[in-house]
Visitor: 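Quick one: the structure is below, and I'll ask about it shortly.
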Amino acid sequence: MTAGTLRGATLPLGSQPILLGRSPGCSLVLDDDYSSSRHAKIYTQSGRWYVEDLGSTNGTYVNESRISGTVEIAPGTPVRIGQTVVELQG
C-alpha cells in the first residue's frame, strides 16, 4: 500500500484473487469510508494481472482514471480505492 491508513503494508500475491473492501470477509480490509464493502478485486490470469471494479459507489481508479469492469495492470501502476492506493510490486 502506498497511501491511506494501510500505507507501508504488504500482501503476498498468489493465484487466489485479492478482494478489497470494508467487509471483514475481504482479503484486504480497508478502513476507508469511500470504499464499498466489496469494492474491487485483483487477480492473475495467464501471467497477467487485472483489477476489476465490483460495482462500487465511489469507483476504482487506475492511473487516476475511473474504470468500469476489468482492466489489466502492470507492476507499479497505482490503483486507488477511496484514499487507499495499492501497487503491484514485481
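Because the structure is predicted, anything quoted here is derived from the model rather than measured.
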Visitor: I'd like to know if the side chain of R7 and the backbone of A9 have a donor-acceptor N/O pair within less than 3.5 Å.
Guide: no
Visitor: Determine, stepwise, if the pair L13 / W49 fulfils side chain to side chain contact (heavy atoms under 4.5 Å, CB included).
Guide: CA-CA 10 Å; L13 300 174; W49 287 93; 3.7 Å; yes
Visitor: For a side chain to side chain contact (heavy atoms under 4.5 Å, CB included) check, start with the C-alpha distance between L30 and L6, then their side-chain angles and the critical distance, and finish with the verdict.
Guide: CA-CA 8 Å; L30 304 176; L6 296 173; 4.0 Å; yes
Visitor: As an exercise, state the distance from CD of Q83 to CG of D31, rounded to the nearest 0.5 Å.
Guide: 10.0 Å
Visitor: One pair to check against side chain to side chain contact (heavy atoms under 4.5 Å, CB included): L19 and L54. What are the steps and the verdict?
Guide: CA-CA 10 Å; L19 185 60; L54 300 175; 3.4 Å; yes
Visitor: Would you check if the side chain of S23 reaches a backbone N or O of G25 as a donor-acceptor pair within less than 3.5 Å?
Guide: yes
Visitor: Just verifying a value: how many Å separate Q16 CD and S27 OG, rounded to the nearest 0.5 Å?
Guide: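 Here the interatomic distance stands at 8.5 Å.
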Visitor: Report all side-chain donor-acceptor pairs from residues 60-76 shorter than 3.5 Å, counting only partners two or more places apart or in another chain.
Guide:
| from | atom 1 | to | atom 2 | distance (Å) |
| --- | --- | --- | --- | --- |
| T60 | OG1 | H39 | NE2 | 3.3 |
| T60 | OG1 | D53 | OD1 | 2.6 |
| R66 | NH2 | T57 | O | 3.3 |

Visitor: Does the side chain of S35 come within less than 4.5 Å of I81's, by heavy atoms?
Guide: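 Heavy-atom side-chain distance check passes, below 4.5 Å.
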Visitor: Considering only heavy atoms from C-beta outward, does the side chain of V29 approach that of L20 to under 4.5 Å?
Guide: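 No - every pair of side-chain heavy atoms lies 4.5 Å or more apart.
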Visitor: Should L88 and I18 be regarded as members of a common hydrophobic cluster, given that ILVMFWY residues are connected when their side-chain heavy atoms come within less than 4.5 Å of each other, either directly or indirectly?
Guide: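 Yes, one cluster joins them.
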Visitor: Would you check if V86 and I42 make a side-chain contact, meaning some heavy-atom pair closer than 4.5 Å?
Guide: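 The answer is yes; the side chains approach within 4.5 Å.
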Visitor: Rounded to the nearest 0.5 Å, what separates atom OH in Y34 from atom CZ in R80?
Guide: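 Atom-to-atom, Y34:OH and R80:CZ are 11.0 Å apart.
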Visitor: Quick check on R22: does its CZ atom have over 12 non-hydrogen neighbours (other residues, nucleotides or ligands) under 6.0 Å away?
Guide: yes
Visitor: Under the 3.5 angstrom rule, does the side chain of N58 hit a backbone N or O of G82 as a donor-acceptor pair?
Guide: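 It does not hold such a pair.
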